[in-house]
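Keep in mind that what you see is a predicted model, and the values were worked out from it rather than measured. Chain letters run A, B, ... following the sequence lines, proteins first and then strands; every chain starts at 1.
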Amino acid sequence: MDNTAATQRPEAGDHASPASGPWPITLDDVTVRYPNGVVAMKNVSLEIGAGEMVAVVGLSGSGKSTMIRTINGLVTPTAGTVTVGPHRISRLKGAALRRARGDIGMIFQSFNLADRTSVYRNAMVGRFSHTPTWRTLLGLTTAEDRDIVMRALDSVGMLEKVWHRAGALSGGQKQRVAIARALAQQPAVMLADEPVASLDPPTAHSVMADLADINADRGLTVLVNLHLMDLARQYTTRMIGLRAGEVVYDGPAASATDADFEQIYGRPVQQRDRLGQQ
Amino acid sequence: MTAADAVAGERSQLTIPPRPRTWPRAAAIVAALAAFTILTTIPAIGGVELDFASIARNWTNGADRIVQMLTPDWSILPRTWQPLLETLEMALVDAAISAVLAVPLSLWAARPTNPNGVARRAVRFVLNVVRAVPDLVYATVLVAMVGVGTLPGIITLVLFDIGIVVKLVSEAIDSADAHYMEAGRAAGGTQTQINRVTALPQSWPAIASQVLYSLELNVRISAILGLVGAGGIGRLIDEMRGFYRYDALGTIVLEILVVVIAIEVASNLLRKRLR
Ligand SMILES: Nc1ncnc2c1ncn2[C@@H]1O[C@H](COP(=O)(O)OP(=O)(O)OP(=O)(O)O)[C@@H](O)[C@H]1O
Ligand SMILES: [Mg+2]
């Protein structure tokens, strides 16, 4: 896989080759107001450089999920623009938006696997944007797609489970399959929405380590929502603090002090803000 | 203060919120339903006429027939094999055809698998119409169109099955958690791709379960469809009824019972394996 040429950026929609090199993410004055009137993001402007590993921290309801969803267009901003590499996400629709999403991997707190089908088919979901609908409908896969999927599963140590039912896996294994699904997209950017919140501490650490590897080895831009301060400090380099839909902190993660967290949380740091162990 | 202390401290001064009184509401609902039921049986205000006295007057007429049915005439058995087999074949063919047709229709009729409200409502509306027409009406019209035989029966049952299977399966899809769809969407998939690779395998148990149920219904309904010449065991039932051969009818009813129970046992086994 060619992920080294950071300067060479393909045209949006060029799928002859996988997205090469990481992409920057830019939010410009983004506001999200949900139909029920809740303003989940207020005039947020951010620059995330290509290849950065960024944590987004904040209390429940602070707008972390909303922010990460604006980046792949699962949520459309009411105002402002979102740009990922060559894609002006907030302006895209239909096929163009699907193509852009294909270049942006995403993993979720609840894994979002189809439990009744195989690990293989779940990982094949990552090839959707590179496959014509009629081929998917007929169940046709190319040798190249199979190879990409198998390699992605292998890279997270899940190749031996490839023919198992996704529902029969443990939480940590499910999240690894979900990471493989995202990697099968050969994305330039990886988004993770509370990827370890449903996992026990040792598994949480190993999944965070997988994400850090993806950032270091493949050079992907990684944006990960976390609500535990020690995970943010240990695995990411930059931390963005959200409170009530506004950026209240933006700085290095490793040196963020408890006082910084108290400012983000708007309350004293508590035991449950840390995962502990390792 | 440890957590245990906190619990002990709270135990002495628990203030339990007052439990909401729900029984007056329940009683009112029951009373309203009872009043409505009674009102519907008063002919003076347009209710149905329930003449219980006529049951007593005509009791013996019906009783004779029931007694005859309870003494089945087994000599009819050899004549039943062929139509019974025909009924079973119809039931199976119908279940198979309707399963194939119901899969895409169910996905179109459910919200998670078809976010397009217009298309979804159109499919649901057509299916409501299909369900609203009684099966005997389909059979009568189709017999007139394509002639007496199994074909009108098969088409009738397919329409009937699709109506039921699509409704029940699409409701099952509507009420199931569909987090996996979000992953497909985030990966840039089209709704069709997401449905094919993830929603379809997730919905198999619901589809299989309802198709098996329709198989059982098919056997029972085809007993009625024979009355209008749409093939199967119903033809024989109609003939025996015409000759007042209630003892022979008893045999046929028993046979249908055995078949329905056999199908139920088989489908329960299958359902368990699917889970
Ligand atoms: N689809 C929606 N419709 C309406 N309001 C929503 C929707 N999604 C989120 N919200 C509201 O927007 C605000 C931000 O929610 P969001 O899910 O982004 O927070 P979060 O930081 O991810 O929280 P958590 O840690 O609990 O996941 C909350 O007040 C929430 O109730
Ligand atoms: Mg969230």
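- Side-chain contact, B:Thr190 with A:Thr133: a donor N or O sits under 3.5 Å from an acceptor N or O.
- Neither the backbone nor the side chain of A:Arg127 has a heavy atom closer than 4.5 Å to any heavy atom of chain B.
- For the residue pair B:Gly189 and A:Arg98, the shortest heavy atom distance occurs at O-CD, 3.3 Å.
- Smallest separation of non-hydrogen atoms from A:Thr136 and B:Val197: CG2-CG2, 3.5 Å.
- From B:Tyr180, atom OH reaches atom CG of A:Leu113 across 12.0 Å, with rounding to the nearest 0.5 Å.
- Counting heavy-atom neighbours within 6.0 Å of B:Tyr213 OH, excluding the residue itself, gives a total of 12 or less.
- What you find for B:Ala187 and A:Ser129 is that their closest heavy atoms are O-CB, 3.5 Å.
- Both the backbone and the side chain of A:Leu137 come within less than 4.5 Å of a heavy atom in chain B.
- In the displayed structure, B:Trp23 atom CH2 is contacted under 6.0 Å by at most 12 heavy atoms of other residues, nucleotides or ligands.
- Taking each heavy atom of B:Ala186 and A:Gln185 in turn, the nearest pair found is O-NE2, 4.3 Å.
- Contacts between A:Ile71 and chain B at a heavy-atom distance below 4.5 Å are absent for every atom of the residue.
- Atom CZ of B:Arg111 sits in a sparse spot, with 12 or fewer heavy atoms from other residues, nucleotides or ligands closer than 6.0 Å.
- Around the OH atom of A:Tyr34, the shell of radius 6.0 Å holds more than 12 heavy atoms that belong to other residues, nucleotides or ligands.
- In this structure, B:Gln202 and A:Ala114 approach most closely via the heavy-atom pair OE1-C, 3.2 Å.
- Across all non-hydrogen atoms, the minimal contact from B:Gly184 to A:Val125 is CA-CG1, 3.7 Å.
- Considering only heavy-atom pairs separated by less than 4.5 Å from chain A, the leading option among B:Arg196, B:Gln193, B:His179 is B:Gln193.
- The distance from the CD atom of B:Glu182 to the CZ atom of A:Phe108 is 4.5 Å, given to the nearest 0.5 Å.
- Using a 4.5 Å cut-off between heavy atoms, B:Ile194 touches chain A through backbone and side chain atoms alike.
- In this structure, the portion of A:Ile104 lying under 4.5 Å from any heavy atom of chain B is its backbone and not its side chain.
- Of the two parts of A:Arg135, neither the backbone nor the side chain holds a non-hydrogen atom closer than 4.5 Å to a non-hydrogen atom of chain B.
- One finds the OG1 atom of B:Thr198 at 9.0 Å from the CZ atom of A:Arg121 (value rounded to the nearest 0.5 Å).
- If you tally non-hydrogen atom pairs under 4.5 Å between each of A:Asp115, A:Leu191, A:Asn72 and chain B, the highest count goes to A:Asp115.
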